[in-house]
Undergrad: 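Here it is: the structure, laid out below.
Just so it is clear, the values below take in all heavy atoms, side chains as well, and ignore hydrogens, waters and symmetry mates.
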Amino acid sequence: MMSYQQIENSKSKIIEFLPPLSYGSAEQSLHARSGFPLYKNPRKAYPGFFLWFYCFNCKMEKTGIEEASGTPPLPPSPSIPPNVKPEQVGPPKRSVISRRGVGTAGRRISLLTNHFKVSMNISDAMFYQYSVSITSEDKRVVDGKGIGRKVIDRLYLTYSSELAGKKFAYDGEKSLYTVGPLPQNNFEFTVVVEELLARSANGSPGANGSPSGNGKRPKCSFRSKTFKVAISYAAKIPLKSIVLALKGSEVDNNAQDALRVLDIILRQQAANRGCLLVRQSFFHDDSRHFTDVGGGVTGCRGFHSSFRTTQGGLSLNMDVSTTMILTPGPVIDFLLANQNIRDPRHINWEKAKKMLKNMRIKTKHSNMEFKITGLSEKPCNLQHFPLKMRNSDDANDEDQTVEITVYEYFTKHRGIELSISAYMPCLNVGKPKRPNYLPLELCLLVSLQRYTKALSIMQRSTLVEKSRQKPQDRIRTVTDAVRNYQYDEDPVLSACGISIDRQLTQVDGRVLEAPKLKVGNSEDCIPRNGRWNFNHKKLLTPVRIERWAVVNFSARCDTSHLSRELINCGRNKGILIERPHTLIEEDPQSRRASPVARVEKMFEIVRAKLPGPPEFLLCVLPEKKNSEIYGPWKKRSLSDFGIVTQCISPTKINDQYLTNVLLKINTKLGGTNSLLAIEHTSRIPLIKDTPTMILGMDVSHGSPGQADVPSIAAVVGSRCWPLISRYRASVRTQSPKVEMIDALYKPLANGNDDGMIRELLVDFFQTSNGRKPAQIVIFRDGVSESQFNQVLNIELEQIMKAYQHLGEVDFPKFTVIVAQKNHHTKLFQAGAPENVPPGTVVDTKIVHPRNYDFYMCAHAGMIGTSRPAHYHVLLDEISFSPDDLQHLIHSLSYVYQRSTTAISIVAPVCYAHLAAQQMGQFIKFDDLSETSSAKRAITTEESVPVPELPRLHENVRGSMFFC
């Protein structure tokens with residue numbers, strides 16, 4: 001049989017790029033037949049489907065086959081020959097497997113979980129869904145979420161009798177739900193909503209919407225707005241579908257629809273209490289739950305609540321949740337905090353303008369609410385506006401219009417003292433052609449306005465520090481919330497016969513034994529409480545570092561002392577480090593240059609001072625996190641020169657700090673810090689005898705608010721079988737916010753495959769004594785339950801094509817597991833204040849009634865409340881027993897080479913995340929995001945080209961550079 005390398009050299013032929021198909025053929029057919037969502041660039045989202053679709057389309061054109069009735073025909077489509085049957089697209093090839101049993105290994109432990117048992121006394125109740133359309137007086141469709149709830153609330157108060165007094169749940173947008181039908185299928189209502197309006201003393205608003213009046217305080221009046229509301233029957237959703245799902249016999253989406261209705265009822269109750277709603281979480285305007293994290297940003301503590309189907313029945317999952325809001329209060333204070341300055345004279349107004357746009361403010365003098373549209377072009381004492389003045393002597397005289405400054409208007413005509421606004425711009429709360437100016441010091445930011453940008457490292461650490469809760473505190477907070485919100489009394493839930501227990505659910509768990517590790521000199525290392533150390537121990541396979549240097553980018557650090565201490569610590573751990581060839585300090589004059597220029601200058605010095613390329617560079621940065629030097633430095637080191645590098649920003653140099661740094665350095669240079677004992681002796685069940693590859697897959701997206709920043713997809717693959725501790729990474733960019741990885745298999749026009757999986761398969765073959773993987777275990781991070789079928793039928797299909805492209809006929813066996821950390825299930829010890837012990841597993845009662853999932857808390861939660869990982873087994877062709885699979889996953893939490901603790905999720909997933917994060921720094925995406933709105937306006941139908949990441953240098957391509 002040919003080797004991978006021979007196959008690659010022979011450049012086996014494959015189908016070339018597909019000719020263009022018009023949108024509406026393949027894309028619409030995919031949507032109509034499979035229910036897959038339509039994407040702006042569906043060929044990227046479903047590459048495998050379009051490869052098949054083109055072949056199928058060609059076949060149809062040649063044979064004259066027409067699509068089956070009920071789906072859009074493919075143009076052109078000749079008539080069907082009498083002897084040919086229409087070919088149809090069947091359902092997805094693979095579906096999520098059912099549970100095969102539960103584990104039995106480990107010590108038994110009694111646990112509590114934040115699920116509250118839900119009873120349904122009227123299981124035959126029926127939800128009726130109605131579509132809601134709201135139009136304004138000028139016949140424009142109203143889609144604003146806030147006004148929608150106001151209109152529907154007013155509608156119920158006005159027309160309750162026409163609706164037979166039936167209570168309903170409204171989702172805030174286009175649907176409402178009732179238990180049982182409304183009196184008729186279609187309604188049309190006229191609804192009048194009154195809103196507060198400031199008017200001048202003489203009854204006329206000021207010219208151009210600006211501050212107005214004749215010196216008297218304006219009076220407040222109400223303005224009426226009329227809306228047309230159409231309600232029409234849409235569908236029936238049986239509550240019984242939840243009962244069927246609980247029995248594990250769900251065959252359609254009715255159960256999910258019914259659960260969604262129950263969640264909408266919870267959201268409506270929170271909206272009626274004036275809460276900020278963020279998906280299934282809600283947040284009260286209560287300063288006792290606010291945590292200032294700096295920069296004008298505040299953490300707001302609230303609650304997540306959702307109904308879930310579990311083995312133990314229907315449950316309400318209630319958890320503490322936190323979202324970020326703008327710090328309410330004076331706008332001036334917000335700007336000072338946001339720009340980290342003390343003097344208002346130093347405010348950057350261009351930056352302030354961008355930050356303040358669309359924020360809601362309330363005025364001190366009138367207590368009215370407005371939305372900021374911009375800033376005035378001139379300061380308050382120079383910004384004029386036309387003011388209509390009525391001659392008080394003669395009522396018949398026409399109004400006079402005078403030009404007056406905003407400052408003069410408020411101080412002289414309104415009698416309001418302004419102490420700091422005179423030389424600052426005003427807030428504009430009007431429209432483009434009708435500005436309305438307000439002095440800054442009279443404006444307060446309204447509470448509960450979400451802050452959606454990424455937090456800085458300092459803000460994030462402050463939030464974690466101040467918002468963490470010990471297990472017992474979290475239990476108390478959650479149970480009090482369930483008791484106080486009295487969900488049982490909600491009229492819509494009552495109509496379903498739903499009642500909710502007020503106590504946490506008890507569940508049985510098991511604690512798996514920690515795996516034994518091997519370190520240097522074949523010494524055993526037994527973790528205690530999920531932790532171990534290298535005190536008086538050596539690394540398993542330490543490297544030798546001969547040619548290296550230290551570079552310092554203007555950090556306050558004694559690099560001579562640092563290098564000596566690193567050499568001494570390395571000697572104790574078994575790493576032989578020669579003296580550095582040179583210590584390079586950055587020229588102080590270079591600090592003012594751009595980060596790229598500073599890095600380029602440093603490499604010029606390195607090349608000049610070293611006789612040849614170094615094996616390793618230690619880079620000292622002035623900032624601990626988010627240094628502007630980091631990205632350019634990593635790109636030049638790893639992509640251009642192929643030099644392993646370690647960045648540090650030491651604040652305290654001691655043995656523990658240096659040991660942690662050496663763990664990373666040793667791993668990057670090809671050494672191994674520790675192995676599982678069963679890995680060291682090649683005794684891993686189901687893996688020791690059969691070449692097995694482990695993949696970790698993750699996609700990192702741009703920060704919130706950066707809609708056009710490319711996503712970074714990373715896949716890591718194990719190497720050197722039978723080891724499961726060594727990995728290689730492959731990283732690519734892809735379309736923004738797309739979760740499915742589109743470069744797993746990437747056929748080129750010349751017949752080659754430039755995909756990520758081929759790269760990892762070839763590496764496995766080359767590092768595993770010419771063995772090809774007969775089994776592949778895939779850990780996928782970051783996908784929700786709604787995307788499980790796409791992982792199985794799109795991503796797995798691409799992996800199989802990459803394998804097939806290498807000339808293989810027989811596919812390996814696959815086990816596909818999704819690892820989730822972004823969920824709200826917490827585990828607590830019954831009768832103990834500590835977190836659950838590391839190795840805790842729960843695979844009964846609170847798990848899915850049919851699917852194969854379980855919770856595992858592999859790490860020791862030292863601070864706050866531990867969050868277990870939620871593992872979903874989508875496919876298991878390898879046929880692991882539950883115990884073997886849970887032991888493998890537990891063991892993979894102990895092979896993370898960067899630390900001496902068990903981690904909360906398997907190492908391959910963490911490595912994929914690190915690789916995506918580090919290589920994402922190679923390209924600066926900020927400029928792309930700044931102009932994203934303009935680009936969207938110009939290319940509405942076209943996708944914005946995604947910039948490619950530079951490839952790694954061949955010297956470091958196979959290294960664990962991401963550690």
Undergrad: List the residues meeting side-chain contact (heavy atoms from CB on, under 4.5 Å) with P838, not counting sequence neighbours, and say none if there are none.
TA: N529, A860
Undergrad: Please say whether more than 12 non-hydrogen atoms of neighbouring residues, nucleotides or ligands are located less than 6.0 Å from CZ in R460.
TA: no
Undergrad: Please tell me if the side chains of R474 and D319 come closer than 4.5 Å, counting only heavy atoms from C-beta onward.
TA: yes
Undergrad: Between D480 and R483, does any NZ, NE, NH1 or NH2 come within less than 4.0 Å of an OD or OE carboxylate oxygen?
TA: yes
Undergrad: Which residues pass the ring-ring contact (aromatic ring centres under 6.0 Å, His included) test with F290, not counting sequence neighbours?
TA: none
Undergrad: Are the side chains of Q820 and Y871 in contact, using a 4.5 Å heavy-atom criterion?
TA: no
Undergrad: Check for a donor-acceptor pair, side chain of Q280 on one end and backbone N or O of S305 on the other, with a separation under 3.5 Å.
TA: yes
Undergrad: Which atom names give the shortest non-hydrogen contact between T113 and I846, and what distance separates them?
TA: CG2-CG2, 3.6 Å
Undergrad: List in chain and number order the residues that pass ring-ring contact (aromatic ring centres under 6.0 Å, His included) with H284, two or more places apart in sequence or in another chain; answer none if no residue qualifies.
TA: Y485
Undergrad: In this structure, are over 12 heavy atoms from other groups packed under 6.0 Å from E623 atom CD?
TA: yes
Undergrad: Give a yes or no on whether the backbone of F307 and the side-chain of D263 come within a donor-acceptor separation of less than 3.5 Å.
TA: yes
Undergrad: Just wondering, more than 12 heavy atoms not from N340 lying within 6.0 Å of its CG?
TA: no
Undergrad: Go through it in stages, so that I can follow the logic: the residues are N114 and H824, the test is side-chain hydrogen bond (donor to acceptor under 3.5 Å, both in side chains), and I'd like the CA-CA distance, side-chain angles, deciding distance and then a yes or no.
TA: CA-CA 8 Å; N114 58 336; H824 286 276; over 6 Å; no
Undergrad: Whether the R273 and Q269 side chains hold a donor-acceptor pair (N or O, under 3.5 Å, no angle test) is what I'd like checked.
TA: yes
Undergrad: About how many Å separate SG of C525 and CG of L517, when rounded to the nearest 0.5 Å?
TA: 5.5 Å
Undergrad: For S649, which residues count as a side-chain contact (heavy atoms from CB on, under 4.5 Å) partner, sequence neighbours excluded?
TA: K624
Undergrad: What pairs with C910 under side-chain contact (heavy atoms from CB on, under 4.5 Å), at least two apart in sequence or on another chain?
TA: Y896, I903, I905
Undergrad: How far apart are the closest heavy atoms of H870 and D853, and which atoms are they?
TA: NE2-OD2, 2.7 Å
Undergrad: Let me have the donor-acceptor pairs involving side chains of residues 509-516, under 3.5 Å, with sequence neighbours excluded, atom names and distances please.
TA:
| residue | atom | partner | partner atom | Å |
| --- | --- | --- | --- | --- |
| R510 | NE | G103 | O | 3.3 |
| R510 | NH1 | A105 | O | 2.6 |
| R510 | NH2 | D843 | OD2 | 3.0 |
| R510 | NH2 | Q886 | OE1 | 2.9 |

Undergrad: Side chains of N851 and H872: any donor to acceptor distance under 3.5 Å?
TA: no
Undergrad: Is N822 atom CG crowded by more than 12 heavy atoms from other residues, nucleotides or ligands, each under 6.0 Å away?
TA: no
Undergrad: Among side-chain atoms of H115 and S315, is any donor-acceptor pair under 3.5 angstrom?
TA: yes
Undergrad: Any salt bridge between R260 and D257, counting N to O under 4.0 Å?
TA: yes
Undergrad: Suppose the criterion is side-chain hydrogen bond (donor to acceptor under 3.5 Å, both in side chains): which pairs have a residue in residues 908-918, not counting sequence neighbours?
TA: Y630-Q918, D698-H913
Undergrad: If I compare all heavy atoms of L277 with all of A271, which pair ends up nearest, and what's the gap?
TA: CD1-CB, 3.9 Å
Undergrad: Under 4.0 Å between a side-chain nitrogen and a carboxylate oxygen: does that hold for K470 and D473?
TA: no
Undergrad: Using the test side chain to side chain donor-acceptor pair (under 3.5 Å), find all partners of T322 that sit at least two apart in sequence or belong to another chain.
TA: none
Undergrad: Are V738 and S711 side-chain neighbours, meaning at least one heavy-atom pair lies under 4.5 Å?
TA: no
Undergrad: What is the minimum heavy-atom distance between D286 and R288, and which atoms define it?
TA: OD2-NH2, 2.7 Å
Undergrad: Name all residues meeting the ring-ring contact (aromatic ring centres under 6.0 Å, His included) criterion together with H890; count only those two or more places apart in sequence or in a different chain, and write none if there are none.
TA: Y894
Undergrad: Among residues at least two apart in sequence or on other chains, which ones pass salt bridge (Lys or Arg N to Asp or Glu O under 4.0 Å) with R267?
TA: none
Undergrad: Please check: side-chain N/O of N673 versus main-chain N/O of L663, any donor-acceptor pairing under 3.5 Å?
TA: yes
Undergrad: Taking only residues two or more places apart in sequence or in another chain, which ones pass salt bridge (Lys or Arg N to Asp or Glu O under 4.0 Å) with R360?
TA: E369
Undergrad: Do M324 and V293 touch side chain to side chain, with heavy atoms closer than 4.5 Å?
TA: yes
Undergrad: Testing the 3.5 Å rule here: is there a donor-acceptor pair between the side chains of H289 and S287?
TA: no
Undergrad: Are any of the side-chain heavy atoms of I889 and I817 separated by less than 4.5 Å?
TA: yes
Undergrad: With a 4.0 Å cut-off, would you call E739 and R780 a salt bridge?
TA: yes
Undergrad: Answer yes or no: are there more than 12 heavy-atom neighbours, outside Q656 itself, under 6.0 Å from its atom CD?
TA: no
Undergrad: Which pair of heavy atoms, one from A714 and one from A912, lies closest together, and at what distance?
TA: CB-O, 3.2 Å
Undergrad: Between K167 and D490, does at least one N-O distance fall below 4.0 Å, as a salt bridge requires?
TA: no
Undergrad: So, does T865 use its side chain to make a donor-acceptor pair with the main chain of Q469 at under 3.5 Å?
TA: yes
Undergrad: Using side-chain heavy atoms (C-beta onward) and a distance below 4.5 Å, is V118 in contact with I498?
TA: yes
Undergrad: Can you check whether Y170's main-chain N or O pairs, donor with acceptor, with Q268's side chain at less than 3.5 Å?
TA: yes
Undergrad: For residues L874 and Y852, determine if any side-chain heavy atom of one lies less than 4.5 Å from a side-chain heavy atom of the other.
TA: no
Undergrad: Sequence neighbours excluded, which residues qualify as side-chain contact (heavy atoms from CB on, under 4.5 Å) partners of R279?
TA: none
Undergrad: Contact between K845 and D508 at the side-chain level, heavy atoms closer than 4.5 Å - yes or no?
TA: no
